[in-house]
Visitor: 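To start, I am sharing the structure in question, which I have written as structure tokens.
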Amino acid sequence: MKYPHNEVEAKWQKYWEENKIYKTDFSKPDEKVYSLVMFIYPSGAKTHCGHWYNYGPADTWARYRKMKGYNVFEPFGYDAFGLPAENYAIQTGIHPYDSTIKNIADIKGQLKRIGCMYDWDAELMTCSPEYYKWNQWLFLQLYKKGLAYRKNAPVNWCEKDQTVLANEQVKDGKCERCDNPVVQKNLTQWFFRITDYADELLAGLDTINWPEETKTKQRNWIGRSEGAEIEFPVEGSDNKIKVFTTRPDTVYGVTYVVLAPEHPLVKEITTDENLAAVNAYIDQTKFLTEIDRTSTTKEKTGVATGAYAVNPVNGARIPVWIADYALLTYGTGCVMAVPGHDERDFEFANKFGLPVKKVILQEGTSAGDPLTAAFTETGTMINSAQFDGMNSDDAVKAITEHIEKLGAGSKKINFRLRDWLISRQRYWGTPIPIVYCPDCGEVPVPEEQLPVELPYDVKFKPTGESPLKSHPSFMKAKCPKCGNENGHRDPDTMDTFVDSSWYYFRYLDPHYSENIFNTELAKTWIPVDMYIGGREHSTMHLLYARFIHKFLRDLGLTAADEPFRRLVHQGTITNQGAKMSKSKGNVVNPDSFVERFGSDVFRLYLMFMGPYEDGGDWSDQGIVGPERFVEKIYNLVVKYKGILDTAPAPGKLDPAALNPEEKAVYRKINQVIEQYDRDLENLGFNTSIAALMDLSNEISRTFDKCSDSVKSYVLIRLAVLLAPLAPHFGEECAEIIGVKESLFKSPVWFTPDPAALVKESVNYAVQVNGKLRATIEMPVSAGKDELVAAAMADIRVSKFVEGFTVVKEIFVPGKILNIVVK
RNA sequence: GCGAAAGUGGCGAAAUUGGCAGACGCGCCAGACUUAGGAUCUGGUGGAGCAAUCCUUGGGGGUUCGAGUCCCCCCUUUCGCACCA
């Protein structure tokens, strides 16, 4: 009989929904599990295999915890603001709101077919004023604390799309969408001061259960480096050039100083003779694309400013240059160049004929040997006044202290992390709650006037400015402070990563109107216990969310230091080796598979492919494996319909009273429970499924010779083990054999019977000189001597021992005997 | 260039602390039932060899009674970051 997956799945989905089986009771936080997946961007492409691969297995883990008696909260929502909907509007004229709402409706229908235990009462979407109001509120809190500020800064600009691009939209210096080179452009933009939290963001990584690879990425992204800031006075002026260096030990080897071309000091110090060349160079760098600018293979360029600076430690007069290898955005934007001990400086000095001075001696070389390359490691200090002879590692501290005494600088910790640029010249996002008054300047919108609503009636054109700018009634605003009627709003909207940086709080009570989220519930339900989503968010969303979380904690809204206790990245499902994408036309639509095999089989197949964190290349070749497995189990349970009514499943059985087949299957089911429990906790879906298949094979071998109570014992456990992996099917199997209530309404879990796991005999591997020669079945009680005797009596072993001397016998109880001969 | 992860049958893969390599599944082969099989069931299936046996976890060394697993060197692939001073 064929398993009618369509009817069965529809039946249980209806039952779950009508009976609100997955509504979370927040009043019982004792055994709470907050299980979260990254919410979906509702694009027109709907859900694809990648989404299923994220949500299905994540739901299996949550259901497993539910079956074990935990109070599980599994919400779902929509990351509904964003550029694609706006681009779609430019192309088609369909309003982002309309397309988003339609996509959400479609996606919700698909999601329901997956059969996840989402608490739909907790559903949220970021484009509703009820949600984004609190983005604005958050902005105002940051503003109050000085953590939201405006500054003019270079940003990524795509000439073709006529728009600013977020860092994450720049891939290898090119626009992710149109593949055009990205250039730098200066604009006044809003930033969030994430750098204030750099130290804590770094330290917090040690307290959370996240993949090491992700923590490493965040550490590298934050990029803490210890060193010193040193001031080089400019000759003949009051200006000082402040540099950051991680190698203060090399300060006696400085032979020139480099400023970033955009550095404000350049204008002030450049001499008249050099002005033309400097301006030409600045113009040249301005129009360089990001790829050209940052290419490591690019030959070094630069020009002299004509100015000179003084090395504070030895009074040396050194030229000041500008070069684009100095980055305005890192450190102070100025570099002290030590060509003898830095590869880049060495290359630059050689090209422009600048002197190279050796101040650290490599072991085994002499001071007179010429440098053919920069020596960047530690050695003995030379040409460094009173520090000569010191180990350069020790000199770092000594010289820094010396510089401090001279008043020329101090110890400094620098970060690679930059403040978070949140302005976007886009329509489809959260309006920035700031009014610009001709009299008062920038004025925050008072909290009671929130939300600043996004108007519907705008014109979508790729002009390089937010469509809001040409919406007169939106832009016009009265100054909240002085009442001046000639104020105007900020035309930009916020980066959508702001939306996603706190949404996990909002799920707890998405319609709560008193505060950004329900702080009472957050006390017991935050942090999130399990967060599952893609690696691509390692240094963006996951870093922003940690930052905002810590800020909300500092406001006293939550006690937890970190938002996500445990993080797992699912692997990527590729198609013919390439990531699935609409433009490549290689997206696999799950619908046809779900139609043909059912959601459960599709989910099982995805989970059975391999380790969850590895993903894999899509192929529909193997889906018949899980399908056959489901059909086989279905036919089995149908054969034993209602068996629990006539033969209730015993809590445990006495192995001694069982026949060999019963004993075998009793042992197997208990072994499977043990393995399943261990594997599923760690998202080892593939091996859990393999264990159930193994059980199924054992059942085929033994069931005909088993009593009804053994069968009941096995079948009820089988149904329970199936339920997290294939929820509709598990429920159906349970019902068929006679379970009276939904497994997810009244969860049950079985622990393995230790008596079933006790072995009576061991199949010993017997080796001679480490090579397997025989396997010998022995009672568990057998000791070394008995096993050696049995082994020597076995021709397969003795033939390799005879004629040699036995040196020793290695005996590992329960496992192995290795006879070493000579 | 720097950083991270990974390399096991024809394929997806498995292998508590170092202890019988290849569980489970796909595919393939043989057989059974069939008018039929792209259904189902049973058995087989890393390579070489008639066999005893030998070889086998990217390559090469090492530690060990014993290495897919630990150590060193190298190769390949994927993914991040990329002049970070």
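Side-chain atoms are counted along with the backbone in the values below, which use heavy atoms only and exclude waters and symmetry mates. Proteins get letters first, then strands, A, B, ... in listed order; numbering begins at 1 in each.
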Visitor: Can you identify which nucleotide, out of A82(B), G12(B), C83(B), has its nearest atom closest to the R344(A) side chain?
Guide: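 Nearest to the side-chain atoms of R344(A), counting from C-beta on, is C83(B).
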Visitor: Is any side-chain N of the basic residue among E627(A) and K2(A) closer than 4.0 Å to the acidic one's carboxylate O?
Guide: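 Salt bridge flag = yes for K2(A) with E627(A).
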Visitor: How close or far is atom P of A4(B) from atom CD of E212(A), stated in whole angstroms?
Guide: 11 Å
Visitor: Can you tell me how far C1' of C26(B) sits from NZ of K632(A), to the nearest Å?
Guide: 15 Å
Visitor: Which is more 5' along RNA chain B, the nucleotide nearest A690(A) or the one nearest N220(A)? Just name the residue.
Guide: N220(A)
Visitor: Would you mind classifying the nucleic acid contact of V820(A) as base, sugar-phosphate or nothing, using non-hydrogen atoms under 4.0 angstrom?
Guide: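 Touches sugar-phosphate only.
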Visitor: Please pick, from C81(B), G66(B), G12(B), the nucleotide with the shortest atom-to-atom distance to any side-chain atom of N818(A).
Guide: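 Shortest atom-to-atom distance from the side chain points to G66(B).
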Visitor: Is any N or O donor-acceptor pair between the side chain of K815(A) and the base of C20(B) shorter than 3.5 Å?
Guide: no
Visitor: Which whole-number value in Å describes the distance from Y676(A) OH to U16(B) C1'?
Guide: 20 Å
Visitor: Do we see a donor-acceptor contact under 3.5 Å between the side chains of D617(A) and T574(A)?
Guide: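 A pair is found: one side chain offers a donor N or O, the other an acceptor, under 3.5 Å apart.
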Visitor: Assess the side chains of Y281(A) and T301(A): does a donor N or O sit below 3.5 Å from an acceptor N or O?
Guide: yes
Visitor: Just the atom pairs and distances: protein N or O near nucleotides 49-55 of chain B's N or O, under 3.5 Å.
Guide:
unit_1 : atom_1 : unit_2  : atom_2 : d
A52(B) : O3'    : K799(A) : NZ     : 3.4
U53(B) : OP1    : K799(A) : NZ     : 3.0
C54(B) : OP1    : R773(A) : NH2    : 3.2
C54(B) : OP2    : R773(A) : NH1    : 3.0
C55(B) : OP2    : K771(A) : NZ     : 2.9

Visitor: Under 3.5 Å, is there a donor on one side chain and an acceptor on the other for R546(A) and Q218(A)?
Guide: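 Their side chains do contain a donor-acceptor pair, which is all the 3.5 Å distance test asks for.
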Visitor: Between G25(B), C84(B), G3(B), which nucleotide gets closest to the side-chain atoms of R418(A)?
Guide: C84(B)
Visitor: Which of these nucleotides, C20(B), C24(B), A15(B), is closest to any side-chain atom of T775(A)?
Guide: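 Side chain of T775(A) sits closest to C20(B).
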Visitor: Separation of H537(A) atom NE2 from G80(B) atom C1', in whole Å?
Guide: 15 Å
Visitor: According to the Watson-Crick and G-U wobble definitions, with both distances under 3.5 Å, which nucleotide is paired to A13(B)?
Guide: none
Visitor: Whole-Å distance between A6(B) P and R535(A) CZ?
Guide: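 Result: 10 Å.
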Visitor: Tell me what N697(A) touches on the nucleic acid: a base, only sugar-phosphate, or nothing, going by heavy atoms under 4.0 Å.
Guide: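 Sugar-phosphate, backbone atoms only, no base.
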Visitor: Output the single nucleotide from A21(B), U40(B), A85(B) whose closest atom is nearest the side chain of L327(A).
Guide: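 In terms of side-chain proximity for L327(A), the closest of A21(B), U40(B), A85(B) is A85(B).
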Visitor: Identify the two heavy atoms, one from V338(A) and one from D345(A), that lie closest to each other, and give their separation to 0.1 Å.
Guide: N-OD2, 2.9 Å
Visitor: Side chains of N697(A) and K668(A): do they bring a donor and an acceptor to under 3.5 Å?
Guide: no
Visitor: Can you tell me which nucleotide in A14(B), C83(B), G19(B) comes closest to the side chain of V812(A)?
Guide: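 Between A14(B), C83(B), G19(B), the one nearest the side chain of V812(A) would be G19(B).
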Visitor: Could you state the atom-to-atom distance from CD of Q767(A) to P of G18(B) in whole Å?
Guide: 16 Å
Visitor: As a quick check of understanding, evaluate salt bridge (Lys or Arg N to Asp or Glu O under 4.0 Å) for E299(A) and K351(A), giving each step before the final call.
Guide: CA-CA 9 Å; E299(A) 208 178 310; K351(A) 181 169 172 187; 3.2 Å; yes
Visitor: Rounded to whole angstroms, how far apart are CG on L772(A) and P on G68(B)?
Guide: 13 Å
Visitor: Toward the 5' end of RNA chain B, which comes first, G770(A) or G610(A), by nearest nucleotide?
Guide: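 Counting from the 5' end, the first nearest nucleotide belongs to G610(A).
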Visitor: So does K808(A) get a side-chain nitrogen or oxygen closer than 4.0 Å to the phosphate oxygens (OP1/OP2) of C65(B)?
Guide: yes
Visitor: How close or far is atom P of C84(B) from atom OH of Y330(A), stated in whole angstroms?
Guide: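 Distance check: Y330(A) OH to C84(B) P gives 9 Å.
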Visitor: Could you grab the distance from atom CD1 of I241(A) to atom NE2 of H263(A), nearest 0.5 Å is fine?
Guide: 8.0 Å
Visitor: Could you check if the base of G31(B) is syn or anti? Syn means the glycosidic torsion is within 90 degrees of 0.
Guide: anti
Visitor: For G9(B) versus A15(B), give the span between their C1' atoms, rounded off to a whole number of Å.
Guide: 15 Å
Visitor: Check every atom of C20(B), A85(B), A4(B) against the side chain of I816(A) and return the nucleotide holding the closest atom.
Guide: C20(B)
Visitor: From the set A85(B), C20(B), C81(B), return the single nucleotide nearest to any side-chain atom of W221(A).
Guide: C81(B)
Visitor: At under 4.0 Å between heavy atoms, what does T246(A) touch on the DNA or RNA strands: base, sugar-phosphate, or nothing?
Guide: sugar-phosphate
Visitor: With the side chain of R678(A) defined as its heavy atoms from C-beta on, choose the nearest nucleotide among G80(B), G12(B), U16(B).
Guide: U16(B)
Visitor: Could you check D199(A), T195(A), L201(A) and say which one makes a side-chain contact (heavy atoms from CB on, under 4.5 Å) with F415(A)?
Guide: D199(A)
Visitor: Which of the following nucleotides, C24(B), C26(B), A85(B), is nearest to the side chain of F608(A)?
Guide: C24(B)
Visitor: Would you mind classifying the nucleic acid contact of V624(A) as base, sugar-phosphate or nothing, using non-hydrogen atoms under 4.0 angstrom?
Guide: sugar-phosphate
